[in-house]
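Accompanying notes for the structure given below.
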Amino acid sequence: MTQISETKQKVKFYQTGTLTAGNRLLEEGHRSVQATVDRSNSLDCGHRACQGCGEALGARFAIDAAMRATNNQLIAANATGCLEVFTTPYPETAWSIPWIHSLFGNAPAVASGIAAAMKAKGRDDVRVIAQGGDGGTTDIGFGCLSGMFDRNDDVLYICYNNEAYMNTGVQRSSATPGAARTATTMPVGPEPGNDFATGKSVPLIAMAHQIPYVATASVHDLHDLEHKVSKAMSFHGARYIEISVPCPLGWGSKPGDTIKIARLAVQTGMFPLFEAENGDVTGVTKIRQHQPVGEYLKLQRRFAHVFKKENEDQLQALQAIADRNIKRFNLLPSGGEEE
Amino acid sequence: MSIDPIIQSKPFAITLDVGTSLLNKTGTWRNERPVYLDRLPPCNHTCPAGENIQAWLGFAEEGDYEAAWRQIMEDNPLPATMGRVCYHTCEGACNRAGIDEAVGINSVERFLGDQALMHGWRIDAGSPTGKKVMIVGAGPAGLSAAYHLRRLGHEVTVFDANPQAGGMIRYGIPKYRMPREKLRAEVARIEAMGVKIELNTKIEDISTTRKEGQFDAVFMCIGAQLSRSAEIESDGKIPIHDAAVVLRDSELDNPNQLHGHVVIYGGGNTAMDVARTSIRMGAISTTVVVLEAQEDMPAHSFERDEAIEEGATLKYLHSIKRVNGRTVTLEKMKVSENRWPKPTGEFDSIEADVIVQAIGQDVDTAILQNTPAVNLKDGITQINEAMCTGEDGIFAGGDMVPSQRTVTSAIGHGKKAARNINAYLRGEEWVAPDKHEVVTPDMLNTWYYSDAPRTVRPMLDVVRRKTGFAEVVGDLDVDNAVFEARRCMSCGNCFECDNCYGVCPDNAITKLGPGNRFKFKYDYCKGCSICATECPCGAIKMVPEDI
Ligand SMILES: Cc1cc2nc3c(=O)[nH]c(=O)nc-3n(C[C@H](O)[C@H](O)[C@H](O)COP(=O)(O)OP(=O)(O)OC[C@H]3O[C@@H](n4cnc5c(N)ncnc54)[C@H](O)[C@@H]3O)c2cc1C
Ligand SMILES: Cc1ncc(C[n+]2csc(CCOP(=O)(O)OP(=O)(O)O)c2C)c(N)n1
Ligand code: SF4
Ligand code: SF4
Ligand SMILES: [Mg+2]
């Protein structure tokens with residue numbers, strides 16, 4: 001019918017807009033890669049991640065988007081961690097892309113090597129990704145990563161941040177938030193859980209290297225995530241994306257709540273979504289429905305103790321972190337004023 | 001326990017051949033499985049005509065108005081009419097109200113009804129069955145039954161005492177709410193299907209006409225044509241009319257009785273219609289005497305507000321005691337504990353040139369004199385589950401049976417009666433399909449619906465409303481009709497947003513392509529339930545596996 005195309009051009013409102021993966025009312029070009037029948041499913045069925053694993057989801061989102069952006073000419077190097085172990089326990093693999101694993105700490109260096117090899121072979125159509133967990137990124141692989149940034153090697157590094165060493169039984173990493181319970185930061189004593197005022201932000205450190213592109217993304221916001229991955233693939237040189245990926249096992253959350261929790265991390269200000277080019281922030285994803293941090297924390301057993309009367313200051317400290325993020329990145333709609 | 005020789009032949013801890021993880025059927029981990037289902041949206045659940053509102057809004061969202069209209073026509077043959085006069089209980093139940101405001105279902109229905117009239121869309125009759133059905137009353141109940149029976153292939157004759165079809169839609173509801181050309185066109189569309197409508201034909205006795213015409217079944221829907229009247233002590237100097245008669249006269253262009261100072265007695269929608277008609281007829285003043293308090297009066301608030309905007313004065317908590325010459329004595333009432341108005345013994349008076357009583361309607365049951373098996377209770381015809389009276393093959397519906405007394409419920413009765421009459425004619429019994437679970441707001445994930453305020457239908461300027469019978473409420477245009485339809489959240493029914501397909505960490509959902517929705521790969525689904533949590537409209541349910 002002609003009516004359909006006419007009204008589609010004129011009417012700007014699409015029921016769920018781009019908040020859902022696809023939506024039959026949207027033109028093809030506005031749907032996510034994940035909404036298409038021919039997405040590459042780079043990370044396929046049969047992997048052994050826990051029920052509701054945010055990392056498995058984030059990896060398929062990101063790599064499928066990168067595959068689309070590079071016309072399927074992609075090689076990935078993977079650090080040790082859940083993502084490596086649950087996808088590729090010898091002799092099987094869930095990856096349907098060229099994929100290489102070496103060590104826990106050297107994925108950035110391996111990827112730099114692959115990029116150099118591709119350059120030597122004149123294969124400028126082939127693009128390289130390195131990926132790993134937060135432990136592999138912020139701690140053990142940090143030296144290699146900084147070197148890769150420093151040399152501006154042509155690699156996109158993706159960190160799947162689940163805020164601890166999950167694969168070995170939930171030990172603290174330098175990406176574990178204050179107060180969080182891990183196997184090595186138990187909720188005992190006067191200051192239960194992980195210490196505040198420790199840890200680091202690798203996205204900000206990456207920006208300090210003045211590399212072409214840095215971004216944070218979340219499994220809750222698929223369109224935003226895919227946009228950032230494809231944008232990253234439009235640059236050459238070192239690039240870094242950190243994706244917030246809730247871990248039901250390590251966070252003590254319901255498997256079905258993974259996306260809900262990721263959404264609350266963003267909507268509370270705990271995980272700010274932004275992008276930066278050559279060291280400067282160029283864009284932020286505004287909070288759509290601002291919530292107090294308690295809404296985010298209460299769905300996770302790793303934070304259960306912060307709701308005890310005697311730990312009220314921990315809850316306040318976490319709220320202060322969220323508030324600082326909101327201010328620092330100007331996350332509320334219309335310039336900081338809440339509706 | 002014997003060890004599988006294939007496994008035994010492999011190195012330590014290796015169970016599979018080198019290859020893909022697809023060999024690893026993670027579906028065995030699951031203790032709950034997700035299933036797709038169609039739940040019952042609250043709008044559909046409350047629609048007295050049984051429309052599948054969510055489904056037709058779905059077509060309208062895509063801009064396919066004809067498909068949307070055809071979906072309405074499955075249940076309701078008068079969308080242009082219903083889009084004007086229906087009291088839209090659907091909107092009162094709409095889950096969207098919890099986010100911003102209810103979807104303007106009624107305005108989109110009207111838009112679709114008008115589109116159909118503009119484009120001349122038609123519905124075909126069913127293939128002939130050779131059975132003959134007689135319908136008494138061409139009000140909404142009769143028209144609806146005739147339409148549905150004709151689609152089922154039966155021969156239908158409708159008898160009506162009035163000069164035109166439509167029943168109270170035509171002789172009760174005034175033109176400014178229900179333009180006649182729209183009603184006429186919708187009736188003509190039913191006639192074009194082969195329904196015979198015999199006008200100016202009052203049926204005196206059902207059994208005789210049935211025998212004479214050799215009808216296999218009868219549907220009676222004569223409405224409630226008799227106006228009730230209150231005992232008002234009067235010296236007879238000024239006339240006291242019945243609402244139904246006055247409204248009917250205005251429709252028939254009979255001499256106007258609504259002049260001078262008009263006093264209307266009653267607090268329902270009919271009283272509002274009389275008041276608004278009298279204003280248009282040029283009454284000097286229009287006063288409505290309402291027994292109840294404002295918040296207890298039976299009229300819908302929007303009808304009351306529109307009457308007040310047009311200049312009617314409402315005197316709440318008053319009853320009419322007596323009429324002396326032009327002086328009407330009113331007694332003040334007060335609200336008792338059970339909210340029933342009680343006399344106070346205090347009085348008040350107003351001037352009137354004419355009084356109109358609008359305090360309710362009764363059924364004229366004379367037609368049933370030779371059908372002793374038809375059971376009456378307080379003047380209302382009793383029917384069973386199958387809409388059948390006690391008399392074999394005689395069915396009844398609409399205002400004459402226990403009902404909400406609205407056009408919409410009359411249309412629903414007509415449809416239900418048609419299904420039962422069809423079964424009766426085939427020697428079968430009609431069994432209604434099971435109702436699905438109703439969608440409550442907690443089943444939705446409203447994060448996903450973008451914010452969108454409701455489209456308000458334009459209203460005719462008050463000055464023009466007061467001076468003529470032009471339609472008060474305006475149309476949506478093509479753009480805002482689509483916009484309004486797209487505000488629907490498709491409660492409980494997959495609308496192919498691709499979210500489940502997107503959010504599964506195990507890639508355990510297959511997308512089947514436009515119109516075909518999705519399928520779970522139970523070999524790999526681990527039962528994490530993210531899909532169910534993230535489905536915006538609540539179309540996925542987790543059910544325990546038998547373990
Ligand atoms: C002033 C007024 C305003 C209203 N406004 C609304 C509204 O906005 N929305 C809404 O939903 N409802 C409204 N209603 C109620 C609604 O009109 C009725 O509930 C509905 O019309 C009932 O339909 P029906 O088919 O049962 O009867 P009717 O519409 O009353 O039709 C019955 C028909 O049977 C015919 N008939 C009766 N006896 C015989 C006989 N012996 N032989 C042949 N024909 C006969 C009559 O001539 C009439 O045409 C209003 C009612 C009134 C009075
Ligand atoms: C050099 C070295 N030290 C320790 C390990 C053991 N190890 C394997 S995975 C892992 C933790 C991975 O944590 P992270 O990088 O955050 O990934 P996650 O499993 O949380 O996704 C550890 C400590 C190892 N493989 N190599
Ligand atoms: S432990 Fe956490 S990150 Fe690892 S597979 Fe399970 S859910 Fe995923
Ligand atoms: S949002 Fe749509 S499906 Fe849900 S109640 Fe409202 S109109 Fe019906
Ligand atoms: Mg980790």
Side-chain angles (χ1 to χ4, degrees), chain A residues 1 3-8 10-25 31-32 34-37 41 43-57 60-61 87-96 219 222 248 254-260 263 288-289, chain B residues 10 14 16-26 29-30 61-66 445 447-450 452 478-480 482-483 486-490 495-508 511-515 521 523-524 526-534 536 542:
Chain A
M1 288 186 72
Q3 260 173 0
I4 303 176
S5 50
E6 271 169 29
T7 52
K8 273 203 175 160
K10 273 192 252 161
V11 179
K12 288 283 184 307
F13 175 68
Y14 294 104
Q15 189 172 38
T16 56
T18 51
L19 294 166
T20 46
N23 188 338
R24 72 193 204 290
L25 301 174
R31 303 184 197 175
S32 67
Q34 286 304 310
T36 57
V37 186
N41 290 321
L43 178 46
D44 210 344
C45 308
H47 64 69
R48 293 158 189 252
C50 304
Q51 286 180 323
C53 173
E55 189 165 75
L57 189 56
R60 193 186 73 232
F61 285 177
T87 60
T88 317
Y90 179 83
E92 67 187 69
T93 184
W95 291 105
S96 52
V219 282
L222 178 56
K254 285 199 264 168
D257 280 350
T258 295
I259 293 199
K260 185 173 175 188
R263 177 178 306 129
R288 180 165 168 251
Q289 288 174 6
Chain B
K10 295 196 161 51
I14 302 296
L16 300 170
D17 288 321
V18 174
T20 160
S21 61
L22 293 178
L23 297 170
N24 190 26
K25 302 287 167 62
T26 51
W29 302 14
R30 191 174 61 230
E61 282 155 25
E62 295 168 6
D64 192 346
Y65 303 132
E66 182 166 349
N445 188 336
W447 162 264
Y448 290 104
Y449 297 103
S450 17
V478 176
D479 279 358
N480 47 28
V482 177
F483 175 89
R486 287 180 174 188
R487 293 184 63 244
C488 170
M489 305 189 291
S490 193
F495 59 108
E496 295 179 41
C497 72
D498 299 321
N499 230 29
C500 53
Y501 175 60
V503 299
C504 174
D506 290 280
N507 183 25
K511 176 169 169 162
L512 299 173
K521 301 181 202 167
D523 275 354
Y524 299 105
K526 293 172 186 159
C528 71
S529 84
I530 293 184
C531 54
T533 313
E534 300 305 323
M542 298 304 293

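Since the structure is predicted, the reported quantities are computational estimates derived from the model, not experimental observations. Convention: sequence-line order gives letters A, B, ...; per-chain numbering from 1.
Atoms OG1 and OH, from A:T16 and B:Y449 in turn, are 7.5 Å apart once rounded to the nearest 0.5 Å. Rounding to the nearest 0.5 Å places CZ of A:R48 at 7.5 Å from CH2 of B:W29. To the nearest 0.5 Å, atom CG of residue A:D257 and atom OG of residue B:S529 are 7.5 Å apart. Expressed to the nearest 0.5 Å, how far CG of B:D498 lies from CZ of A:R31 amounts to 6.5 Å. To the nearest 0.5 Å, the span separating CD on A:Q34 from CG on B:N499 amounts to 11.0 Å. Atoms CG and CG, from A:L43 and B:D506 in turn, are 8.5 Å apart once rounded to the nearest 0.5 Å.
Considering only heavy-atom pairs separated by less than 4.5 Å from chain B, the leading option among A:A35, A:S32, A:P255 is A:A35. For the options A:G22, A:S96, A:P89, heavy-atom pairs under 4.5 Å to chain B are most numerous at A:G22. Between chain A and the residues B:K521, B:M542, B:K511, B:M489, the largest count of heavy-atom pairs under 4.5 Å involves B:K511.
Contacts of B:N445 with chain A are made by side-chain atoms alone, with heavy-atom separations under 4.5 Å and no backbone atom involved. Neither the backbone nor the side chain of B:P514 comes within contact range of chain A; no heavy atom of the residue lies under 4.5 Å from a heavy atom of that chain. Only the backbone of A:T36 comes within contact range of chain B, with at least one heavy atom under 4.5 Å from a heavy atom of that chain.
Minimum heavy-atom separation, A:G52 to B:P505: CA-CG, 4.1 Å. A:C45 approaches B:N507 most closely through the heavy-atom pair SG-O, 3.1 Å.
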Practice task
Assess whether salt bridge (Lys or Arg N to Asp or Glu O under 4.0 Å) is satisfied between A:K260 and B:E534, documenting all intermediate values.
Solution key: CA-CA 8 Å; A:K260 185 173 175 188; B:E534 300 305 323; over 6 Å; no
